[in-house]
Amino acid sequence: MISFRNVSLIYPNSQTTVFEDVTFEVGEGEFILLIGSTGIGKSSALKLMNGLVPHHTGGILSGDIQVDGISTRGVRPGELSHLIGIVGQNPIHGFVTDIVEEEIAFAMESLAIPESAMRKRVEEVLDLLALTPMRSRTIATLSGGEQQRVAIASALVMNPKILLLDEPTSALDPIAAEEVLAILQRIVHDLGVTVVVAEHRLERVIHYADRIIHIASDGSVRVGFPSAVMKESEIAPPIVELARSLGAEEMPLSVRDARKVLISTAHQLADLVPASPERERVTQDRQPIVKIKGATLGYERNEVLSDISLEIRSGEVVALMGRNGAGKSTLMKAISGVIVPLEGEVSIEGRDPSAFTSAELVRMIGFVPQNPSDLLYGRSVLEECSLADSDQGLPGGSTLATLETLLPGIPASTHPRDLSEGQRLSLVLAIVLATDPRILILDEPTRGLDYPSKERLIELLRTRAKRERSILIATHDVELVAELADRVLFVADGELVSDGDVREVLTASLPFAPQVTKILAPQKWLTVKEVMDALDNA
Amino acid sequence: MSATLLDHSRSTRSRIHPFAWWAWAIVLSVVLFISSEPWFAAGLVVASAILVRAYKEITPWSRSFVVAMKFIAVILLIRMAIAILIGVPIPGTTIITLPTFQLPEWIAGIRLGGPVTTERLTSTLGEVMIIIGVVALFAAATSLTSPHRVIRAIPLAFYQLGLVLTIATSVFPQFVVAIRRITLARRLRGQEVRGLRHWRKIAIPLLEDALERSLDLAAAMESRGFGQRIRRSSYRPDHWGGLESAILASSLMVAAVIWFLPSQTPAFFFASGLFASWLVLFGRKRS
């Protein structure tokens, strides 16, 4: 269905090739997962398939790409719209109209398909993606998962043979992600569509994949069955890590498989107790830094969270979880003093955060926004780092050094805009971490990060926590929470529904449980490392 | 199937043809310019506000009326201040006399300070009112009509133009949201967010954000076959029905009233302006 023959690609104004002499083939009706490290070219690969690269972006392409027998070289992406649907990394950026139905009809309108035929197809797609109840809603008012579904629907309405998706679940909470993936699987099974998904969070998608295209760090591309690729790939979900560490022959990919394969390990573990030395450092006698007492948070005429009381102690890593729109960012804004509580009290070290001067604020709080580019304005990575140094009065080179530990090998002369999403996030993290604030607030810090980068981030944050820095992370990434957090706050429906030890909270809820927990339930294990340490010590 | 289709058309009955409010605004602003009557302008501002309240839906652009009115209020204050300080004197009742500054020979016609007369204030206020009136009319049209639907209703003979218009209209509402977001992020970095020197730190991420969005949007439109055919079909064609006619008719009736009725008092003009909203609201009830 899709064939790459000796494909090499270089973007304009760039010295390095994205791909070199890549050859592979994808068959009809396959669910393909595209994996690779941060910034390796997964998005480029997807865009090559429908011709957006190089027709839309520029760049030099050598070799040949054929899609259903058509060479993408000779046709513009629009001419392939009946054959290939593509859903970008930020679906909201790609919406052309305001209403769900009209968005879905847009591609058909472009091809001048008659009204009656359009109506029928729109009905079908609405049904298939369970969007009928929100057919006449304004897209801007939908949740992230719903928007993702609208984007898929508007690609699918053309009855394409191929559907390409760039990180379809990275912005979604676990439940919404599950819904979207189940729909993709149905599309593959029922409609015979070839689906290619680029994704970092393998734990969410790998069990759906028929085959994996793995772009290795040296740029070589390998296509294989998931179990084979997972035996040696440097990026692997916790389930595979666990199986590898235990020396399993077969690589389980789903929780169900893993339970079967690892049944003996589960018996062994039954008598052991998870111990995590990193987590035990926070004790009750630590001083609370952030105090929220009976606070109602939100905006005039729009209360988002009511009657919230909590404390964050120094050196504590707190994860803030909950579905999209549950009030996570409101809580973060209140702690950083951007909004004043409508009722009750929010204080940092006994003071009202909204009264901080900017110098105090920087020393106190480091905030990494969900959209990291908001903090970038330099012309190169190097300039960005030195600007950050001079802004914050740090010795020259300290930001760059932090960046090196976080993501080694970012070329310093690159323009921040040309970085991949994960690289840009690392740069902003470095800028914020370099000032070493008392409280770190991170909004979705793992979007677009591969496992090794995530590992480095976790390491870095742990060192901060050891030096009594408090960390608050709002995230949908359960595995990150399992690895890093001491405590989990769970918000839903405008309330703080649970506030407790990470182990208690994560093992109690099925959709928000990490993979290791699911495999070893009802035992309460969270991470691969815990399991391995316990086994080694036994 | 037919039942769902029926329900469907009823649920979308409130969709007004994208040209209706624009036609209404154009007719009334022409009348306003020709009559040059501040009281008529005032009536239209109130009428616009009433209509926006009555017809507004929750959309990203529905706030544009409020935003535009705030913006124009600032412009008005600046304009008034300039009118008081600088300008050609109009003789009349003096309210206050400001100290005059001697200006060089070569701008002899203009004077700084001097007596401020009621006449000068009223004539400036009159001019400003006309501008506010026109802005209010178009702001109302903007906040009541989806920019995307306006574009799709325009025949797309030129692919590139359509692309540019779609991107431009979708980027500007995002601008407002993005400015707020970036300012917040920068403030939390303890950085000044006011002043010219710091503007760069907001402007660059803002422009890059807009550029990135535009590229994403253009890519999405391109990969969905935009511009493949010169004629597009329409999923839900916009109908020019009773309500649309009522809206246009209301503006034409106001024009007729202004032209043909003899009364010329301020109250008459104010009432004629208000008439514009009353007619539409009445028409809505009937349709």
Side-chain angles (χ1 to χ4, degrees), chain A residues 47 50-52 55-56 76-82 84-86 88 90 93-98 101-102 105-115 118-119 122-123 136 138 140-141 154-155 158 333 336 338 358-362 365 367 369 371 373-377 391-392 417 432 441, chain B residues 1 4-5 8 11-12 15 57-61 146-149 152 166 170 173-174 178 181-192 200-206 208-209 211-237:
Chain A
K47 287 179 184 166
N50 92 324
L52 278 173
H55 287 292
H56 192 80
R76 289 199 62 88
E79 293 169 62
L80 293 172
S81 63
H82 63 283
I84 308 178
I86 186 164
N90 295 302
H93 290 189
F95 290 137
V96 190
T97 66
D98 328 302
E101 281 181 283
E102 291 180 4
F106 180 82
M108 292 191 292
E109 289 181 336
S110 300
L111 295 187
I113 290 170
E115 201 193 322
M118 270 199 272
R119 282 193 179 277
V122 169
E123 293 306 321
S136 42
T138 309
T141 64
S154 18
M158 299 298 291
K333 279 185 195 164
S336 35
V338 175
S358 20
E360 284 172 324
L361 194 67
V362 176
I365 295 173
F367 179 74
N371 187 347
S373 332
D374 290 357
L375 288 178
L376 301 176
Y377 59 97
D391 272 356
Q392 311 298 344
R417 199 183 54 233
V432 172
I441 301 179
Chain B
M1 189 69 194
T4 55
L5 278 180
H8 200 78
S11 75
T12 55
R15 282 166 52 107
E57 285 160 43
I58 300 161
T59 52
W61 53 88
S146 152
H148 299 138
R149 286 181 53 221
R152 281 189 302 145
T166 313
S170 64
Q174 307 291 353
R181 202 188 61 224
I182 294 168
T183 316
L184 171 70
R186 301 220 74 89
R187 239 181 61 206
L188 289 176
R189 294 286 303 132
Q191 293 173 347
E192 272 309 313
R200 177 176 164 228
K201 300 184 181 175
I202 292 171
I204 289 180
L206 182 67
E208 282 185 356
D209 186 68
L211 185 72
E212 197 187 331
R213 268 172 180 279
S214 314
L215 285 174
D216 278 357
L217 181 60
M221 287 174 78
E222 172 117 47
S223 33
R224 284 161 71 190
F226 183 75
Q228 283 298 301
R229 305 276 192 286
I230 295 295
R231 287 196 64 81
R232 296 168 57 84
S233 56
S234 184
Y235 171 66
R236 214 190 276 151

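Predicted, not measured: the structure shown is a model, and the values here were computed from it. Numbered from 1 within each chain, the chains take letters A, B, ... in sequence-line order.
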Partner chain A: residue of B:A203, B:A220, B:S214, B:A185 with the largest heavy-atom pair count (under 4.5 Å):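 With the most close heavy-atom pairs to chain A, the winner is B:A185.
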ring-ring contact (aromatic ring centres under 6.0 Å, His included) involving A:F106 - partner list, sequence neighbours excluded: B:F226
Could you measure the distance from the [atom1] atom of [X] to the [atom2] atom of [Y]? Nearest 0.5 Å is fine.
X: A:I86; Y: B:E222; atom1: CD1; atom2: CD; value: 11.5 Å
X: B:T183; Y: A:D374; atom1: OG1; atom2: CG; value: 9.0 Å
X: B:R236; Y: A:M118; atom1: CZ; atom2: CE; value: 11.5 Å
X: B:L215; Y: A:H93; atom1: CG; atom2: NE2; value: 11.0 Å

Note, B:S234 side chain near A:E115 side chain (heavy atom, < 4.5 Å):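 Of all side-chain heavy-atom pairs linking A:E115 with B:S234, none is under 4.5 Å.
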Residue pair B:E208 / A:L376, side-chain heavy-atom distance below 4.5 Å: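 A side-chain contact is absent here, since even the closest heavy-atom pair is not under 4.5 Å.
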Check: A:P77 main-chain N/O paired with B:S223 side-chain donor or acceptor under 3.5 Å: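 Side chain of B:S223 to backbone of A:P77, a donor-acceptor pair under 3.5 Å: no, none is there.
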Check: B:Y235 main-chain N/O paired with A:E102 side-chain donor or acceptor under 3.5 Å: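 No, the answer is negative, given that no donor and acceptor are paired below the 3.5 Å cut-off.
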Using non-hydrogen atoms only, which part of [X] is less than 4.5 Å away from chain B: side chain, backbone, both, or neither?
X: A:V432; value: both
X: A:Q392; value: side chain
X: A:K47; value: neither
X: A:M158; value: neither

Over all atoms of both residues, closest heavy-atom pair of A:G94 and B:R224: O-NH1, 3.7 Å
Shortest non-hydrogen separation from B:G225 to A:S110 and the atoms involved: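 That closest heavy-atom pairing would be O-CB, 3.2 Å.
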Residue, of A:I84, A:I113, A:I365, that accumulates the most heavy atom pairs under 4.5 Å with chain B: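 If we count pairs closer than 4.5 Å to chain B, A:I113 comes out on top.
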Selection from A:L52, A:T97, A:D98, A:L111 maximising heavy-atom pairs under 4.5 Å formed with chain B: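 Of the options given, most contacts go to A:D98.
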Per-residue contact mode, B:L206 against chain A (heavy atom under 4.5 angstrom):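 Interface part for B:L206: neither.
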